[in-house]
Amino acid sequence: MNVLFSVFIFAKFIFLSLLVSFTLWLVYKLIEEKLSPLQKIPSPPGKWPLVGHLFTFFRGDFLELLQSWGEKYSPMFVYHPGFGLGIGG
């Protein structure tokens, strides 16, 4: 009984640690995105938090989309291909 209780406490601790870590990471990413100097560079519409333009890329031809964005937002633009940052031009 004592061992089972210890395992339960340990599992609870791990779960709470993961939950707090994920929450802190999420807050960090949102603050980093808002304070980034790259916010001054134009970006195509349709960006979602955390996943960026990932769903936009699935709608059509990836290279045609980047080419059209390059013509529209030249000489440089920022696109978000998922959990990262891409700079096109």
Side-chain angles (χ1 to χ4, degrees):
M1 171 104 171
N2 195 12
V3 173
L4 185 59
F5 183 72
S6 299
V7 169
F8 175 74
I9 295 294
F10 182 71
K12 186 176 171 182
F13 173 76
I14 294 294
F15 174 74
L16 290 175
S17 298
L18 290 174
L19 184 65
V20 168
S21 297
F22 177 75
T23 304
L24 289 175
W25 174 81
L26 185 61
V27 168
Y28 167 75
K29 291 303 277 182
L30 292 174
I31 290 173
E32 177 189 43
E33 184 175 312
K34 294 295 179 194
L35 297 179
S36 173
L38 294 175
Q39 290 296 327
K40 296 177 181 147
I41 299 174
S43 178
K47 181 181 89 167
W48 290 53
L50 296 178
V51 294
H53 293 102
L54 190 62
F55 296 125
T56 309
F57 292 145
F58 291 141
R59 282 192 240 154
D61 185 26
F62 177 71
L63 295 178
E64 279 184 25
L65 183 62
L66 285 178
Q67 185 177 11
S68 69
W69 285 350
E71 292 169 0
K72 187 174 183 179
Y73 299 104
S74 258
M76 182 184 288
F77 65 93
V78 173
Y79 67 96
H80 302 266
F83 293 96
L85 180 70
I87 298 179

| said: Let me check something: do L24 and L16 share a hydrophobic cluster, defined by ILVMFWY side-chain heavy atoms less than 4.5 Å apart, either directly or through other members? | reply: no

| Linking I/L/V/M/F/W/Y whenever their side-chain heavy atoms sit closer than 4.5 Å, directly or via other members, would Y73 and L63 fall into one cluster? | yes

| said: Do F22 and F15 sit in one hydrophobic cluster, given that two such residues count as connected whenever their side-chain heavy atoms are within less than 4.5 Å of each other, even indirectly? | reply: no

| said: Is any side-chain heavy atom of W69 closer than 4.5 Å to one of L65? | reply: yes

| query | With the 4.5 Å side-chain cut-off for hydrophobic clustering, are L18 and W25 part of the same group? | reply | no

| message | Let me confirm one number: the CZ-CG distance from F77 to L66, rounded to the nearest 0.5 Å. | response | 5.5 Å

| message | What's the separation between atom CD1 in I31 and atom CG in L26, rounded to the nearest 0.5 Å? | response | 10.0 Å

